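Remember, predicted model here, so these are calculated numbers, not experimental data. Along the sequence shown, residues carry numbers from 1.
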Amino acid sequence: MSALSSEIAPSELAEGRCQLEFDDNLLLPLLYGERDQHLDRIERQLGVSVITRGNRIAISGPASATEAAHLVLARLYDRLKRGQEVDLPAVEAAIRLAEAEIGDKSLSLWREDAAFRTRKRRITARSAGQAAYINAIRENDLVFGLGPAGTGKTYLAVAAAVDLLMTGRVERIVLSRPAVEAGERLGFLPGDLRDKVDPYLRPIFDALNDMLPADLLSRRLATGEVEVAPLAFMRGRTLSRAFVILDEAQNTTAVQMKMFLTRLGEASRMVVTGDPTQVDLPPGTRSGLAEALETLDGVEGIATVRLSDKDVVRHELVARIVRAYEARERAARRGDT
């Protein structure tokens, strides 16, 4: 059931004001947040005024911001009606999606298919870029997901893999990373080979643990239905009826990237993720990711999605950090020219 008693009147919208009326007062504390912190976040980020009166909310401010706030509250209320949680990250995601949709009326970012279902949770797009990424994964056999830290490129790829495995559309998941040192020396780490490579694969295990119960994940790992391995272990294999993910692909060489891409077998899908600005290869070695993007540009069945600081969904400081480093790099390039 909709949260709204009526649609926004055009005259009200032009004046930058509207009202919502809710039919379940028990959900309102969850919608408003503790000490109305959800409403405060909407007011601050969108520049609107939100006033509550019983089961009604009055919104006023600039027309586009008022429309966005209206959409945010309506969608969050619908989320609560479906039994889903609403917390500050969900509010911030709703704001990002609403602003993108208001800016481009052709977008439809709240679709049911803009999400993946895992055993633990339903994972939805939290930005316009993430929605485009999810759509690309659903529609293409090979997707390059590029972007800075915190944009969800690896997490969403793992969610897609778990979704397809749980619904029987693939028979296994293969997740890989190149074991390239970011300033440390792999050979000096203590322990055997597994002990040495586990730190490089830990982010993938963290994502899997967030989506599958521990006992189920252990069984899938034991049977080989879920496999996590360094890139070097992929040589000579053909991966059929699998969802294959290569993470941190900016740290592959051209030879490694070609080797990995040609592992794709019958009825399989592949997602390659990376941040082209964070290459840890030896000086003078060109990233295999950069070469692949140039070589495969325009090839049918391959999609490339570029995420940005606008898609960062970690702590809000991460987006500011990303922007600060990008500004520094732009200034350095201008100095070189």
*asked:* Keeping Gln256 on the side-chain end and Thr253 on the backbone end, is there a donor-acceptor pair under 3.5 Å?
replied: yes
Closest non-hydrogen contact found for Ala249 with Ser287 is O-OG, 4.2 Å
message: If hydrophobic clusters are built from ILVMFWY residues whose side chains come within less than 4.5 Å, do Met234 and Val255 share one?
response: no
Taking every heavy atom of Arg75 against every heavy atom of Glu101, the minimum-distance pair comes out as NH2-OE2, 4.3 Å
Exercise. Could you tell me whether Arg220 and Glu227 make a salt bridge, using a distance below 4.0 angstrom between a side-chain N and a carboxylate O?
Key: no
Taking Tyr77 for its side chain and Leu27 for its backbone only, find out whether a donor-acceptor pair lies under 3.5 Å. no
Can any side-chain N or O of Lys120 pair as donor or acceptor with the backbone N or O of Asn209 at less than 3.5 Å?
yes
| message | I'd like to know if the side chain of Asp36 reaches the main chain of Leu39, judged simply by a donor and an acceptor atom lying under 3.5 Å from each other, with no hydrogens or angles considered. | response | no
### Message
Could you check whether any side-chain N or O of Arg269 sits under 3.5 Å from a backbone N or O of Ile137, counting only pairs where one atom can act as donor and the other as acceptor?
### Response
yes
Could you tell me whether a side-chain N or O of Arg263 sits under 3.5 Å from a main-chain N or O of Met259, the two making a donor and an acceptor? yes
**Message:** Which label fits Phe22 and Tyr32: parallel for a plane angle under 30°, tilted from 30 to 60°, or perpendicular past 60°?
**Reply:** perpendicular
Open item on the list: Please check if the number of heavy atoms outside Arg56 that lie under 6.0 Å from its CZ is greater than 12.
Closed with: no
* Between Arg177 and Glu248, is there a side-chain N and carboxylate O pair less than 4.0 Å apart? -> yes
Residues Ala157 and Val271: closest non-hydrogen pair is CB-CG1, 3.8 Å
Tightest non-hydrogen contact, residues Ala160 and Phe243, listed as CB-CZ, 3.9 Å
| task | Take Lys153 and Asp275 through the salt bridge (charged side-chain N to carboxylate O under 4.0 Å, His left out) test and state the conclusion after the steps. | result | CA-CA 10 Å; Lys153 54 188 183 295; Asp275 180 355; 5.5 Å; no
Q) Run the side chain to side chain contact (heavy atoms under 4.5 Å, CB included) check on Gln19 and Ile57 step by step: do they pass? A) CA-CA 6 Å; Gln19 290 192 13; Ile57 286 182; over 6 Å; no
Does Arg286 have more than 12 heavy atoms from other residues, nucleotides or ligands lying within 6.0 Å of its CZ?
yes
- Query: So, does Glu67 use its side chain to make a donor-acceptor pair with the main chain of Ala63 at under 3.5 Å?
  - Reply: no
Around Arg35, counting heavy atoms of other residues, nucleotides and ligands shown, do more than 12 lie under 6.0 Å from its CZ? no
Query raised in the report: So, are Arg117 and Asp163 salt-bridged, with charged N and O less than 4.0 Å apart?
Result: no
For the side chain of Ser176 and the backbone of Ala229, is there at least one donor-acceptor N/O pair under 3.5 Å apart?
yes
Heavy-atom closest pair (Pro178 atom, Thr252 atom, distance to 0.1 Å) is CG-CG2, 4.1 Å
Stepwise side-chain hydrogen bond (donor to acceptor under 3.5 Å, both in side chains) test for Ser127 and Asp311 = CA-CA 5 Å; Ser127 71; Asp311 302 298; 2.6 Å; yes
- If only atom types and distance count, is the side chain of Glu43 paired as donor or acceptor with the main-chain N or O of Val50 below 3.5 Å? yes
* To do: Say whether, by atom type as modelled, one donor and one acceptor occur between the side chain of Thr66 and the main chain of Pro62 under 3.5 angstrom.
  => yes
In Val91, Leu76, Asp24, Thr52, the residue satisfying side chain to side chain contact (heavy atoms under 4.5 Å, CB included) with Leu31 is Leu76
